[in-house]
Visitor: 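To start, I am sharing the structure in question, which I have written as structure tokens.
If you read the sequence from its start, that first residue is 1, and numbering goes on from there.
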Amino acid sequence: MYKKNGIIKIILILVLMILMGIIDVWCEPLPIPKIGLDIETAENPQDVALSMQILFILTIISLAPSILIMLTSFTRIIIVLSFTRNALGTQQMPPNQVLIGLALFLTFFIMSPVITEINENAFTPFTNGEITQEAAIEKAAEPIRNFMFKYTREKDLALFLNLSQVKQPVAKIDIPTSALIPAFIISELKTAFEIGFFLYIPFLMIDMIVSSTLMSMGMMMLPPIMISMPFKILLFVMVDGWNLIVRSLILGFN
């Protein structure tokens, strides 16, 4: 028995030595790439212009989520969906990822005419070399400005025009975008909170009925939310709540 164990140990040692020899033979040092960033002096104006364009593109890419949120219907949609979840009292159901994903797809659906107009009038002519970059930016901004004008309250727009101390604009084209964007945002916030208020009313009535019933039965130690939440979910499902909310949001932008 001892001889067999010794033979097995010797065989294992020999196998390990052979494997180590094979590894030493076949494993060669892999070259590690060197990544460097060279900063040199620009020799002509074209180099400076190219560097500025690259910096501008990187800035736009980093600000793309904020631009998507602030210049589209995303703000109103995500706030209304969050109000709906809070009114139901379901805590984190649906989760944030689901609400944000739904809000993004609804935003793409609502903004599709604007995106199509930008693609036809600005992006495609620019890529074909028919218009300059400045003209493409102006043509791309026009449908977005028209969308924001449609859903911006005059009171909010007047607020930022007065604060910016610009002369009284004669037409919409005279209104600066720097005043239009914040006016559009606070208008969307107000609209979203108004919708959220009306969403809370039916669920609040259920909470009041359940609380009154529990107090009349002397069950003061039982949290009303444990009883009212199933009834609120049942009511929401019976009236097809998600369909009604999404339909109302989309029709609100038509």
Side-chain angles (χ1 to χ4, degrees), residues 63-118 141 143-160 177 179-211 224-254:
L63 294 178
S66 299
I67 295 174
L68 172 65
I69 291 173
M70 298 304 172
L71 306 185
T72 63
S73 58
F74 181 86
T75 303
R76 185 192 303 186
I77 295 172
I78 191 62
I79 292 176
V80 171
L81 294 179
S82 299
F83 269 121
T84 304
R85 184 177 64 181
N86 293 334
L88 285 170
T90 53
Q91 301 299 325
Q92 295 297 321
M93 286 295 162
N96 293 330
Q97 293 85 348
V98 175
L99 291 185
I100 294 174
L102 177 59
L104 282 174
F105 279 103
L106 291 177
T107 300
F108 293 144
F109 182 81
I110 294 170
M111 300 297 296
S112 58
V114 178
I115 297 173
T116 302
E117 187 176 352
I118 293 174
I144 298 177
R145 281 171 57 90
N146 293 335
F147 175 83
M148 290 190 291
F149 273 122
K150 188 176 180 180
Y151 303 103
T152 302
R153 292 180 171 86
E154 295 182 1
K155 180 181 179 181
D156 298 329
L157 187 58
L159 169 65
F160 288 97
T177 306
L180 176 60
I181 293 176
F184 170 75
I185 294 171
I186 64 173
S187 296
E188 287 293 285
L189 289 175
K190 183 178 180 179
T191 303
F193 273 73
E194 289 176 349
I195 299 174
F197 170 76
F198 289 105
L199 282 173
Y200 259 95
I201 292 178
F203 301 113
L204 182 60
M205 293 178 62
I206 295 178
D207 287 333
M208 294 175 62
I209 294 172
V210 171
S211 299
I225 187 66
M226 294 182 61
I227 307 299
S228 62
M229 187 174 66
F231 287 101
K232 290 190 288 186
I233 295 176
L234 178 62
L235 173 65
F236 192 74
V237 172
M238 289 180 62
V239 300
D240 201 0
W242 292 115
N243 183 285
L244 292 175
I245 291 174
V246 170
R247 182 175 181 273
S248 301
L249 286 171
I250 294 176
L251 293 179
F253 286 98
N254 290 335

Visitor: Please round to the nearest 0.5 Å and tell me the distance separating atom CD1 of I110 and atom CG of L251.
Guide: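 That separation rounds to 9.5 Å.
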
Visitor: Show your reasoning for whether side chain to side chain contact (heavy atoms under 4.5 Å, CB included) applies to M111 and F74.
Guide: CA-CA 10 Å; M111 300 297 296; F74 181 86; over 6 Å; no

Visitor: Using the rule given for side chain to side chain contact (heavy atoms under 4.5 Å, CB included), can you reason through I144 versus I118, listing the C-alpha separation, both sets of side-chain angles and the distance that settles it, and then say yes or no?
Guide: CA-CA 9 Å; I144 298 177; I118 293 174; 3.8 Å; yes

Visitor: Identify the two heavy atoms, one from S187 and one from A183, that lie closest to each other, and give their separation to 0.1 Å.
Guide: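 Residues S187 and A183, closest heavy atoms: OG-O, 2.8 Å.
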
Visitor: Could you tell me which residues satisfy side chain to side chain contact (heavy atoms under 4.5 Å, CB included) with L189, sequence neighbours excluded, listed by chain and number?
Guide: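 Side chain to side chain contact (heavy atoms under 4.5 Å, CB included) list for L189, sorted by chain: T75, I79, I185.
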
Visitor: Which residues satisfy the side chain to side chain contact (heavy atoms under 4.5 Å, CB included) test with I233, sequence neighbours excluded?
Guide: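 Counting only residues at least two positions away or on another chain, I233 forms a side chain to side chain contact (heavy atoms under 4.5 Å, CB included) with T90, M229, V237.
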
Visitor: With sequence neighbours excluded, tell me which residues meet ring-ring contact (aromatic ring centres under 6.0 Å, His included) with F193.
Guide: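 Only F83 meet the ring-ring contact (aromatic ring centres under 6.0 Å, His included) criterion with F193.
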
Visitor: How long is the span from the CG atom in L180 to the CG atom in D156, to the nearest 0.5 Å?
Guide: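 That separation rounds to 11.0 Å.
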
Visitor: For K190, which residues count as a side chain to side chain contact (heavy atoms under 4.5 Å, CB included) partner, sequence neighbours excluded?
Guide: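 In terms of side chain to side chain contact (heavy atoms under 4.5 Å, CB included), with neighbours along the sequence ignored, K190 is linked to R153, E194.
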
Visitor: With sequence neighbours left out, which residue pairs that include part of residues 93-105 fulfil the side-chain hydrogen bond (donor to acceptor under 3.5 Å, both in side chains) condition?
Guide: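 Listed once each, the pairs are R85-N96.
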
Visitor: How many angstroms lie between atom CZ of F184 and atom CZ of R145, to the nearest 0.5 angstrom?
Guide: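 So the gap between those two atoms works out to 13.0 Å.
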
Visitor: Return the set of residues passing side-chain hydrogen bond (donor to acceptor under 3.5 Å, both in side chains) with R247 (not counting sequence neighbours), or none when no residue passes.
Guide: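 None.
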
Visitor: Does the side chain of F203 reach to within under 4.5 Å of the side chain of N86, using non-hydrogen atoms?
Guide: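 No, every pair of side-chain atoms sits at 4.5 Å or beyond.
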
Visitor: Please check this pair: side chain of K232 against backbone of A87, looking for a donor-acceptor N/O pair closer than 3.5 Å.
Guide: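 Side chain of K232 to backbone of A87: a pair is present.
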
Visitor: Within the 4.5 Å heavy-atom criterion, are F198 and S248 side-chain neighbours or not?
Guide: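 No - every pair of side-chain heavy atoms lies 4.5 Å or more apart.
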
Visitor: Could you check whether atom OH of Y200 has more than 12 heavy atoms from other residues, nucleotides or ligands sitting under 6.0 Å from it?
Guide: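 Yes, the 6.0 Å shell around OH holds more than 12 heavy atoms from other groups.
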
Visitor: Rounded to the nearest 0.5 Å, what separates atom CD1 in I250 from atom OG in S73?
Guide: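 OG of S73 is found 9.0 Å from CD1 of I250.
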
Visitor: Go through it in stages, so that I can follow the logic: the residues are T107 and F253, the test is side chain to side chain contact (heavy atoms under 4.5 Å, CB included), and I'd like the CA-CA distance, side-chain angles, deciding distance and then a yes or no.
Guide: CA-CA 10 Å; T107 300; F253 286 98; over 6 Å; no

Visitor: Please find the pair of heavy atoms, one from V246 and one from L106, that lie closest to each other, and give the distance.
Guide: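 Nearest pair, atom of V246 first, then L106: CG1-CD2, 3.6 Å.
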
Visitor: Counting distance only, does the side-chain N/O of Y151 pair as donor-acceptor with the main-chain N or O of E188 below 3.5 Å?
Guide: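 Not a single qualifying donor-acceptor pair exists.
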
Visitor: Please find the pair of heavy atoms, one from I245 and one from L81, that lie closest to each other, and give the distance.
Guide: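 Heavy atoms of I245 and L81 come nearest at CG2-CD2, 4.4 Å.
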
Visitor: Roughly how far apart are T84 OG1 and L99 CG, rounded to 0.5 Å?
Guide: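 With rounding to 0.5 Å, OG1 (T84) is 8.5 Å from CG (L99).
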
Visitor: Under the side-chain contact (heavy atoms from CB on, under 4.5 Å) test against M148, which residue among I181, L157, T72 passes?
Guide: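 Result: among I181, L157, T72, I181 is the only option passing the side-chain contact (heavy atoms from CB on, under 4.5 Å) with M148.
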
Visitor: When rounded to the nearest 0.5 angstrom, what distance separates OG1 in T152 from CZ in F147?
Guide: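 That separation rounds to 9.0 Å.
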
